[in-house]
Amino acid sequence: MTDTSEANKERNRQIAQNEEARQITGSIRVSTWAVVVAVMIGAILFTLGWIATR
């Protein structure tokens, strides 16, 4: 019984580690998209401001 319990605990630890890695990857992906969108909006606003001052 103890072997099965220990095997289940180890399996659960591995599942938790895999899930944590997935969440980190997802967070990085979302952050990257947020930076790209912010840069694009900044570029558009800069261009509109530059055109307005000309």
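Residue numbers start at 1 and run along the sequence shown. Because only heavy atoms are used, hydrogens play no part in the values below, and waters and symmetry mates are left out as well, while side chains stay in. Bear in mind that the values here come from a model prediction, so they are computed numbers and not experimental data.
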Problem set entry | Joint cluster assignment, V37 & L45, ILVMFWY side-chain distance < 4.5 Å | yes
Exercise. In Å, rounded to the nearest 0.5 Å, how long is the span from CG of N18 to CZ of R13?
Worked result: 14.0 Å
Exercise. Are there more than 12 heavy atoms of other residues, nucleotides or ligands under 6.0 Å from atom CD of E20?
Worked result: no
For this session: Kindly compute the distance separating CD1 (I24) from CD (E19), expressed to the nearest 0.5 Å.
Result: 10.5 Å
For this session: Using side chain to side chain contact (heavy atoms under 4.5 Å, CB included) as the criterion, point out the one residue from I41, T47, L48 that pairs with I44.
Result: L48
Exercise. Between Q14 and R11, is a side-chain contact (heavy atoms from CB on, under 4.5 Å) present by the stated rule, with each step listed?
Worked result: CA-CA 5 Å; Q14 187 63 40; R11 180 176 176 269; 5.7 Å; no
